[in-house]
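Index from 1, following the sequence.
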Amino acid sequence: MEEDAIKQIGHRLKGLRDIYDVTPDEMAKICETSTEHYLKIENGEADPSVYRMSRIAKHFGIDLNVLLFDEEPRMDTYSLVRKNQGLCAARNKNYMYQSLASGFKGRKVDPFLVKVNPLEEGKNYNKNSHGGQEFDIVIDGTLELTLEDKVLTLTAGDSIYFDATRQHCMRAVGDEPVTFLCVII
């Protein structure tokens with residue numbers, strides 16, 4: 001995410017922690033990370049990850065939009081998102097998430113259009129995990145999904161459904177970004 005957006009999310013997390021009188025240790029457990037890393041997220045010094053924000057949102061019964069975008073969903077019949085108009089959250093310069101249902105309150109799933117840029121030479125993505133399940137379908141480009149120790153390559157039209165509690169990471173293969181639909185359940 002852009003540096004300012006990361007700091008804003010950290011500020012909202014601190015406020016949430018204050019409201020619920022939760023310690024950094026407790027928040028770290030919810031996020032399934034170390035207290036040190038959680039505090040870096042809260043201070044705007046580390047990538048908050050959509051997955052960790054989703055865990056926090058579910059734990060406190062709030063909408064993910066509140067943490068990511070400081071916006072409360074209002075629609076309960078439908079939420080229309082026009083092409084390139086969904087609220088965006090960039091984890092870093094390599095990952096961009098566009099929410100495809102941010103306006104719908106009480107969502108049962110969180111669908112995102114995700115764009116992953118090719119990894120810079122000598123860099124690695126970190127594996128992460130989150131509660132629930134995940135469905136991904138590649139729209140454009142080639143996606144390498146590492147699921148625990150298994151490396152899978154998906155191209156346009158390929159899809160995967162998996163247990164998201166398993167360690168996983170995604171990267172674009174080649175010189176072009178990959179775009180895929182990600183549904184977190």
Side-chain angles (χ1 to χ4, degrees), residues 1-3 5-6 9-10 13 27-59 64-65 67-69 86-102 109-185:
M1 294 183 187
E2 292 179 23
E3 192 173 314
I6 290 174
I9 289 172
L13 288 172
M27 287 295 269
K29 281 185 181 176
I30 294 166
C31 292
E32 295 181 345
T33 192
S34 69
T35 302
E36 178 183 354
H37 185 74
Y38 171 76
L39 287 171
K40 285 182 180 180
I41 293 169
E42 195 174 279
N43 291 324
E45 300 166 0
D47 175 6
S49 103
V50 171
Y51 303 120
R52 285 190 180 100
M53 297 304 94
S54 179
R55 290 187 58 77
I56 291 170
K58 287 177 183 171
H59 181 85
L64 180 60
N65 289 2
L67 292 177
L68 291 178
F69 311 115
L87 296 175
C88 289
R91 277 183 44 193
N92 55 46
K93 66 181 179 178
N94 295 316
Y95 276 88
M96 173 65 74
Y97 289 83
Q98 179 185 10
S99 178
L100 300 177
S102 60
V109 300
D110 284 305
F112 295 94
L113 187 61
V114 181
K115 180 179 175 184
V116 179
N117 289 319
L119 193 59
E120 294 175 24
E121 192 67 35
K123 301 249 179 168
N124 290 316
Y125 290 128
N126 294 326
K127 288 184 185 178
N128 64 52
S129 64
H130 52 91
Q133 300 166 343
E134 183 171 325
F135 172 77
D136 300 317
I137 184 167
V138 177
I139 297 168
D140 189 42
T142 302
L143 175 71
E144 181 182 275
L145 168 66
T146 303
L147 185 58
E148 294 188 326
D149 295 327
K150 181 85 172 162
V151 178
L152 304 161
T153 302
L154 292 83
T155 59
D158 293 345
S159 65
I160 187 165
Y161 191 102
F162 62 93
D163 176 355
T165 64
R166 307 291 180 152
Q167 290 286 311
H168 61 279
C169 70
M170 288 114 169
R171 71 177 192 96
V173 175
D175 297 331
E176 298 296 318
V178 63
T179 303
F180 60 97
L181 173 67
C182 171
V183 181
I184 300 171
I185 304 151

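To the nearest 0.5 Å, the span separating CZ on R52 from CD1 on I41 amounts to 5.0 Å. From T155, atom OG1 reaches atom CG of L143 across 10.0 Å, with rounding to the nearest 0.5 Å. Distance check: M27 CE to T33 OG1 gives 12.0 Å after rounding to the nearest 0.5 Å. In this structure, CZ on F112 lies 8.5 Å from CG on L100, to the nearest 0.5 angstrom. Residue E176 holds its CD atom at 10.0 Å from CG of N117, rounded to the nearest 0.5 Å. Considering CD1 of I139 and NZ of K115, their distance stands at 12.5 Å, rounded to 0.5 Å.
The minimum heavy-atom distance between L64 and S54, with the atom names listed, is CD1-N, 3.5 Å. Scanning both residues, V116 and A172, for their nearest heavy atoms gives O-CB, 3.4 Å. Of all the heavy atoms in L154 and V138, the pair that sits closest is CB-CG2, 3.7 Å.
A 4.5 Å side-chain heavy-atom check between C31 and I56 finds at least one atom pair inside the cut-off. Contact annotation: the side chain of M170 approaches that of D136 to within less than 4.5 Å [non-hydrogen atoms, C-beta and beyond]. Proximity of T142 to V178: side-chain heavy atoms (C-beta onward) are nowhere separated by under 4.5 Å. With contacts defined as side-chain heavy-atom distances shorter than 4.5 Å, the pair E45/L39 does not qualify.
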Worksheet item: Hey, mind stepping through I160 and E134 against side-chain contact (heavy atoms from CB on, under 4.5 Å) and telling me if it holds?
Response: CA-CA 8 Å; I160 187 165; E134 183 171 325; over 6 Å; no

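Proximity of a side-chain donor or acceptor of R55 to a complementary backbone N or O of I30 within less than 3.5 Å is detected.
Remark: K40 NZ is loosely packed, at most 12 non-hydrogen atoms of other residues, nucleotides or ligands lying under 6.0 Å away.
Classified by interplanar angle (parallel below 30°, tilted 30° to 60°, perpendicular above 60°), the ring pair F162/H168 is perpendicular.
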